[in-house]
Student: 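My structure is below; once you've seen it, I'll send some questions.
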Amino acid sequence: MKVTKADIVISAVKPEQYPEDQLPEIGLAGRSNVGKSSFINKMIARKNLARTSSRPGKTQTLNFYIINDQLYFVDVPGYGFAKVSKTEREAWGRMIERYIMERPQLKAVVQLVDIRHAPSKDDVMMYDWLKYHEIPVIVVATKCDKIPKGKWEKHLKVVRETLKKKPDDPLILFSSETGHGKDAAWSTILEYTQKK
């Protein structure tokens, strides 16, 4: 997809702040330092619409990005790393849970994992939770430029086995450096946004 227009519309913390225009939404979930902002920026061909931070756990709101006036990326707070208080983490948890479980416009969640390491306990919990609630999941394995091409398959196998990934959930190799996987990610996302 050629992105000609992308903007952040709102950073929301509660449902009454969500956009009201009924466009399809794709949630983005992943560990705090997995490269969600870089993924968003690469996908929309913008250098820094999504702020990348050297301090993981910086996203503390649901950030709605509108793309070509036809869909939203919704960046949810990263899990597993953020040095925040337990109460704050629980508040985020409730906010994310409410969004994912109650938002009819949500068509799928892109779950990002770092291809260099086996998915963490938090990654597995997130995947299981999404599957349990029957939310469609697109698994994106980021940072594939950081490992030799010859080892991609081996690493993907680890991702599949650790997550116990369901065969019908897409798994896409991605690099925000080289753009590898960008077209595959877009065509998969658009397929999901068109599902009733």
Student: Just list the side-chain donor-acceptor pairs under 3.5 Å for residues 133-142, sequence neighbours left out, or say none.
Tutor:
residue: H133; atom: NE2; partner: W129; partner atom: NE1; Å: 3.2
residue: T142; atom: OG1; partner: V34; partner atom: O; Å: 3.1
residue: T142; atom: OG1; partner: V113; partner atom: O; Å: 3.3

Student: Under 3.5 Å, side chain of K36 to main-chain N/O of V76, donor-acceptor pair present?
Tutor: yes

Student: Does the gap between the ring centers of Y65 and Y72 come in under 6.0 Å?
Tutor: no

Student: Give a yes-or-no answer on whether the side chains of N41 and S176 include a donor-acceptor pair shorter than 3.5 Å.
Tutor: no

Student: Just by distance, do the side chain of S187 and the backbone of A184 share a donor-acceptor pair under 3.5 Å?
Tutor: yes

Student: Does I66 form a side chain to side chain contact (heavy atoms under 4.5 Å, CB included) with D21? I'd like the steps, not just the answer.
Tutor: CA-CA 11 Å; I66 190 164; D21 50 18; 4.3 Å; yes

Student: Quick one: does any side-chain atom of W152 pair with a main-chain N or O of I115 as donor and acceptor, under 3.5 Å?
Tutor: no

Student: Could you check whether S120 and D123, counting side-chain N and O atoms only, form a donor-acceptor pair closer than 3.5 Å?
Tutor: yes

Student: Assess the residue pair M1 and I67 against the criterion (side chain to side chain contact (heavy atoms under 4.5 Å, CB included)); give the C-alpha distance rounded to whole Å, side-chain angles, the decisive distance to 0.1 Å, and a yes or no.
Tutor: CA-CA 10 Å; M1 171 156 123; I67 299 159; 3.6 Å; yes

Student: For residues Y192 and W186, establish whether the separation of their ring centroids is below 6.0 Å.
Tutor: no

Student: Centroid separation under 6.0 Å, is that true for the rings of Y99 and Y18?
Tutor: yes

Student: Could you list the donor-acceptor pairs under 3.5 angstrom formed between side-chain atoms of residues 9-16 and any protein atom two or more places apart in sequence or on another chain?
Tutor:
residue: S11; atom: OG; partner: N63; partner atom: OD1; Å: 2.7

Student: Determine whether the side chains of D122 and Y127 contain a donor N or O and an acceptor N or O closer than 3.5 Å.
Tutor: no

Student: Examine distances only and state if a side-chain atom of K165 and a backbone atom of L171 form a donor-acceptor pair shorter than 3.5 Å.
Tutor: no

Student: When D169 is tested against each of Q111, K131, R160 for side-chain hydrogen bond (donor to acceptor under 3.5 Å, both in side chains), which residue passes?
Tutor: K131

